[in-house]
Amino acid sequence: MARAATVRLAPRPGTDVALLNGLLLPELHQNENDLAHELLRVSERHKVGHEIHHVARGLARWSQRHVRTIADIGERFGTRLGPDPVDEPKTAERLRDEASELVGRKPQVALLLLRDLREIYVKAAGLPVDGEMLAQAAQGLKDTELLTTVQSCHPDALRRMRWANAKPQESSAQVLVS
């Protein structure tokens, strides 16, 4: 499949390019990294919940892929962003979260899971908005390559947000009322 030709406008001070470099790209890069980290942490913390463990890891891989994509975009616009996404939680975090396996499915763990899922949702909810802003900048710059890249990431952002919204709905009434 042929790549679309990239049309770049010469950056002028105060234009969208300056906003991309100084605000939007670094923010989006950090938000994706934060979400990947949170998903990996929750995956480790809730190992006994196999679905949570495996789905959270898969979603974290999507965020890690997006971190690399955003770093590539940054390079095109002269912004250096770390291409290496966050990886597995550090040893200290893992030891702290090992307690989840010891406590099993006690009510406190269920409440902790609801809190963790809420945190993932909050982090995930901003990413589609960030993507929309980046898509608007790409359209303004008439940069078809950037627009195509952003549009390819958007469905993942929506899926992560929907998952984080749906999971607490499945069990929150039972957890909170019992």
Side-chain angles (χ1 to χ4, degrees), residues 1 3-45 52 55-94 96-97 115-165 167-168:
M1 186 168 152
R3 290 178 72 158
T6 302
V7 177
R8 282 199 227 169
L9 302 177
R12 294 176 310 213
T15 65
D16 291 337
V17 175
L19 289 173
L20 278 175
N21 289 339
L23 182 64
L24 189 54
L25 288 175
E27 182 78 12
L28 181 57
H29 185 265
Q30 184 63 51
N31 291 345
E32 283 284 4
N33 249 326
D34 289 349
L35 180 58
H37 181 264
E38 187 67 21
L39 285 161
L40 289 170
R41 195 174 65 73
V42 168
S43 171
E44 284 296 314
R45 180 181 286 168
I52 296 292
V55 172
R57 293 182 76 70
L59 296 176
R61 282 191 294 275
W62 291 0
S63 281
Q64 291 169 329
R65 187 178 67 235
H66 291 182
V67 165
R68 287 188 282 278
T69 300
I70 296 162
D72 290 344
I73 292 169
E75 283 291 321
R76 286 186 47 224
F77 288 94
T79 298
R80 293 201 45 95
L81 301 167
D84 298 323
V86 294
D87 203 358
E88 297 294 322
K90 304 288 184 243
T91 304
E93 286 181 90
R94 282 188 147 159
R96 184 186 70 227
D97 292 340
R115 188 196 73 194
D116 286 345
L117 290 170
R118 180 190 179 283
E119 184 65 25
I120 288 171
Y121 176 76
V122 168
K123 290 180 183 308
L127 292 171
V129 176
D130 292 344
E132 289 292 339
M133 290 189 293
L134 192 52
Q136 291 299 315
Q139 288 176 346
L141 293 169
K142 297 180 181 12
D143 188 327
T144 55
E145 184 179 353
L146 176 59
L147 183 59
T148 301
T149 301
V150 171
Q151 288 174 335
S152 72
C153 293
H154 191 68
D156 290 349
L158 292 173
R159 281 187 209 112
R160 288 176 296 183
M161 183 182 71
R162 285 187 202 118
W163 177 81
N165 187 41
K167 286 309 294 178

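How far CD of Gln136 is from CG of Leu24: 11.0 Å, rounded to the nearest 0.5 Å. Distance check: His29 NE2 to Asp34 CG gives 10.5 Å after rounding to the nearest 0.5 Å. Taking OG1 of Thr149 as the start and CD of Gln151 as the end, the distance is 9.5 Å to the nearest 0.5 Å. Atom OG1 of Thr69 is separated from atom CG of Asp156 by 9.5 Å, given to the nearest 0.5 angstrom. Taken to the nearest 0.5 Å, the CH2 atom of Trp163 stands 6.5 Å off from the CG atom of Leu39. To the nearest 0.5 Å, atom CG of residue Leu134 and atom CG of residue Asp143 are 9.5 Å apart.
Between Met161 and Leu127, every side-chain heavy-atom pair lies at or beyond the 4.5 Å cut-off. Arg57 places a side-chain heavy atom less than 4.5 Å from the side chain of Leu40. The side-chain heavy atoms of Arg162 and Asn165, taken from C-beta on, include no pair separated by under 4.5 Å. A 4.5 Å side-chain heavy-atom check between Asn31 and Glu27 finds at least one atom pair inside the cut-off. Contact of the Arg76 side chain with the Leu146 side chain is registered, since non-hydrogen atoms from C-beta on lie closer than 4.5 Å.
Closest heavy-atom contact between Ser43 and Ala56: CB-CB, 3.9 Å. Here the closest non-hydrogen pair linking Gly131 and Val150 is O-CG1, 3.2 Å. Considering every non-hydrogen atom in both Ala36 and Ala60, the closest pair reads O-CB, 3.9 Å. Considering every non-hydrogen atom in both Gly74 and Leu25, the closest pair reads CA-CD1, 3.9 Å.
Each of Val67, Ile70, Leu28 was evaluated against Leu81; a single residue qualifies, Ile70, per the side-chain contact (heavy atoms from CB on, under 4.5 Å) test. When each of Arg61, Arg160, Arg68 is paired with Glu32, the salt bridge (charged side-chain N to carboxylate O under 4.0 Å, His left out) condition holds for Arg160 and for no other. Between Pro85 and the options Arg65, Gln64, His37, a side-chain contact (heavy atoms from CB on, under 4.5 Å) holds for only Gln64.
A salt bridge links Glu119 with Lys123: the closest approach of a Lys/Arg side-chain nitrogen to an acidic carboxylate oxygen falls below 4.0 angstrom. The pair Arg41-Glu44 fails the salt-bridge criterion, with no side-chain N (NZ, NE, NH1 or NH2) lying under 4.0 Å from an Asp/Glu carboxylate O.
His154 places no side-chain N or O within 3.5 Å of a backbone atom of Glu132 that could act as its donor or acceptor partner.
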